[in-house]
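Each remark here refers to the structure printed beneath this line.
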Amino acid sequence: MRQVDVTPPVQSAGDALKTSILRLFKLLGPGLVTGAADDDPSGIATYSQTGAQFGFGQLWTALYQTPLLLAVQECCGRIGMVTGKGLAGVIKEHYSRSILIGVVLLVVVANTINIGADIAAVAAAAQLVVAAPLWLFAVITTIVVVTLEVRVTYKTYAKFLKWLALALLSYPATAFMIEEPWGKIIYASIVPHIEFSFDFLFIITGVFGTSISPYLFFWQTSQEVEEERALDLPKGQSGRPQLPRNFLQRMRIDTTIGMISAELVQWFIIITTGSVLFGHGIKTINSAADAAKALEPLVRSFPNAGQVARDLFAVGVIGLGLLAIPVLAGSAAYALAEALDWKEGLSRKFAEARGFYGIIILSTGIGLLLNFVGIDPIKALVLTAVINGVTAVPLLFVIARINGNAGILGVNRGGLLSRGFVWLTFAVMALAAAALFYTLFFKR
């Protein structure tokens, strides 16, 4: 949980530095967790595939996505803070029932598919370490996730989620362990490279879709409401929370750190897979073991380096899967529960919000069942990212409208820069989806 600042007593330089770091970490909350969940197994698979397939060709996406992702997530966080409601609750209050139903259906269906793909990825990663049937690991993953999300309090769970983000450090560590053409990398990071082909646009839609994802919009909006509920903020005559001084500023710091961290991880995954996989002729990732090869340079000095790399990859995917699956199920539950006027919130006990937790259990269970239809886990992850990229377009349109609406957000409506970047995000995502469909039907 993000905490309100408390001024510390006078300290030595060393103690002051330690205190500052601890205070910064306490400041982090939904923004950091959302950023870490952004690099879920679907993200890892999609970034790995683009690095393997196109080398550094899509490296520029990390740079140009950053202001777009920041703008959208700051907007969602601000909507939750100012209104005291989740995204579905705001849409329900100010827009038509048909828009509400359409938005909720999009996020629930997309999230359920994503849950299934992430469960499969966690199971496949576990198989790299322990020889056991895939279905067994899938079932165990589902049970662990549902038990944690239903039985553990939000405050404890949020602290747990923060630490899982550290699993992503293996990618930048690998990038710095090998000799990289940094001049070429910097150039590819700044100068966009675009190919008007189905394969290129399919992957780039997935890259945008796994970074700027519908479930992140709903999750951060609702988690900011959870933060306010945990702090028991007073409400004004309008029924909206009275925000403490600098409360929005702290949310922006939290969100900025979380989103920049997510994009840096994307950048390093593409660098690593582009160097190690594409550089050695591995252009298609068909399994978790193929993706794990990108980390072999980090453990080259170890005996049986291949297995150590697979173990390291497995830890990362399992950790991020345990982080992302609850976010996916939780954001679907927030959206549907608010639409149906059910009590919602991870801070509530099961008995207080049975419908909300029922949605979490049901969506995770359906995600588990999707693993028994014979879909390849890695391909499912990339396909899920593309689905997210397409479904994000109408959701971004609604968010952009809310962001500019003074009747909803009052003096805290988005400024000119915020409104411009949120609308730009909508335009970019819409263009990517349109180009993908055009090449699918007319250019293949």
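- Contact record, Val90 with Ile79: CG2-CG2, 3.9 Å, taken as the closest heavy-atom pair.
- Counting heavy atoms from C-beta outward, Ile44 and Phe313 have side chains that approach closer than 4.5 Å.
- Side chain of Glu338 to main chain of Gly86: a donor-acceptor pair is present (N/O by atom type, distance under 3.5 Å, no hydrogens or angles).
- Looking only at distances, a side-chain donor or acceptor of Glu226 sits under 3.5 Å from a matching main-chain atom of Leu346.
- Under the 4.5 Å side-chain criterion, counting only non-hydrogen atoms from C-beta, Glu74 is not in contact with Met259.
- Every pair passing salt bridge (charged side-chain N to carboxylate O under 4.0 Å, His left out) that includes a residue from residues 87-99 is listed here, sequence neighbours excluded: Lys85-Glu93, Lys92-Asp341.
- Formation of a donor-acceptor pair under 3.5 Å by the Thr221 side chain with backbone atoms of Gly80 is not found in this model.
- A donor-acceptor pair shorter than 3.5 Å can be found between the side chains of Gln307 and Arg310.
- Nearest heavy-atom pair, Ile113 versus Leu370, reported as atom, atom and distance to 0.1 Å: CA-CD1, 3.9 Å.
- Taking OG1 from Thr141 and CG from Asp118, the interatomic distance works out to 10.5 Å, rounded to the nearest 0.5 Å.
- For Thr61, the side chain to side chain donor-acceptor pair (under 3.5 Å) partners two or more places apart in sequence, or in a different chain, are Gln266.
- Considering only heavy atoms from C-beta on, Leu106 comes within 4.5 Å of Pro394 through its side chain.
- Legend: residues meeting side chain to side chain donor-acceptor pair (under 3.5 Å) with Asn403, ordered by chain and number and at least two apart, are Arg78, Ser418.
- In this structure, the separation between CD1 on Ile318 and CG on Asp311 is 9.5 Å, given to the nearest 0.5 Å.
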Query - Worked verdict on Lys293 versus Ile282 for side chain to side chain contact (heavy atoms under 4.5 Å, CB included) - result: CA-CA 10 Å; Lys293 289 178 181 178; Ile282 302 174; 4.0 Å; yes
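- Atom CZ of Phe426 sits about 13.0 Å away from atom CD1 of Ile212, to the nearest 0.5 Å.
- Summarising the local packing, CZ of Arg240 is surrounded by more than 12 heavy atoms from other residues, nucleotides or ligands at distances under 6.0 Å.
- To the nearest 0.5 angstrom, Cys75 atom SG is 7.5 Å from Ile402 atom CD1.
- With a 4.5 Å cut-off on side-chain heavy atoms, Glu228 and Phe247 count as touching.
- Nearest approach of Ala121 to Val317, heavy atoms of both residues: O-CG1, 3.7 Å.
- Within the structure, salt bridge (charged side-chain N to carboxylate O under 4.0 Å, His left out) contacts touching residues 345-361 (residues at least two apart or in different chains) do not occur.
- In this structure, the side chains of Glu296 and Val276 stay at 4.5 Å or more apart for every pair of heavy atoms.
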Requested in this report: Test Leu264 against Ile260 for side chain to side chain contact (heavy atoms under 4.5 Å, CB included), laying out the working first.
Outcome: CA-CA 6 Å; Leu264 277 173; Ile260 289 178; 4.1 Å; yes
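- At a cut-off of 3.5 Å, with distance as the only test, a side-chain donor of Thr255 or Gln220 sits close to an acceptor on the other residue.
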Report task. Could you give me the CA-CA distance, side-chain angles and deciding distance for Ser222 and Leu87, then say whether side chain to side chain contact (heavy atoms under 4.5 Å, CB included) is met? Result -> CA-CA 7 Å; Ser222 295; Leu87 197 53; over 6 Å; no
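- Between Leu395 and Phe217 there is a side-chain heavy-atom pair separated by less than 4.5 Å.
- No side-chain donor-acceptor contact under 3.5 Å links Thr210 and Asn388.
- In plain terms, the two heavy atoms of Ala339 and Val104 that are nearest each other are CB-CG2, 3.9 Å.
- Contacts of Phe356 classified as ring-ring contact (aromatic ring centres under 6.0 Å, His included), with partners at least two apart in sequence or in another chain: Tyr334.
- For the atom pair CG (Asn114) and CG (Leu328), the distance works out to 4.5 Å, reported to the nearest 0.5 Å.
- For the residue pair Ala294 and Pro297, the shortest heavy atom distance occurs at O-CD, 3.5 Å.
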Query raised in the report: Where do Ser363 and Val108 land on the side chain to side chain contact (heavy atoms under 4.5 Å, CB included) test, with the steps shown first?
Result: CA-CA 8 Å; Ser363 60; Val108 170; 5.9 Å; no
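- Of the listed residues (Tyr47, Trp267, Tyr171), just one forms a side-chain contact (heavy atoms from CB on, under 4.5 Å) with Thr272, and that residue is Tyr171.
- Applying the ring-ring contact (aromatic ring centres under 6.0 Å, His included) rule to Phe176 yields the partners Trp182, Phe268; only residues at least two apart in sequence or on another chain are considered.
- Note: Trp423 and Phe397 have perpendicular aromatic rings, judged against thresholds of 30 and 60 degrees for the angle between ring planes.
- Of the possible polar contacts, one joining the Gln127 side chain to the Ala132 backbone as a donor-acceptor pair under 3.5 Å is found.
- A pairwise comparison of heavy atoms in Gln65 and Ser211 identifies NE2-OG, 3.1 Å as the closest pair.
- Taken to the nearest 0.5 Å, the OG1 atom of Thr50 stands 5.5 Å off from the CD1 atom of Ile270.
- Two residues are said to be in side-chain contact when any heavy atoms from C-beta on lie closer than 4.5 Å; Val145 and Val122 fail this criterion.
- Residues Leu70 and Thr256 have side chains in contact (heavy-atom distance under 4.5 Å, counting atoms from C-beta outward).
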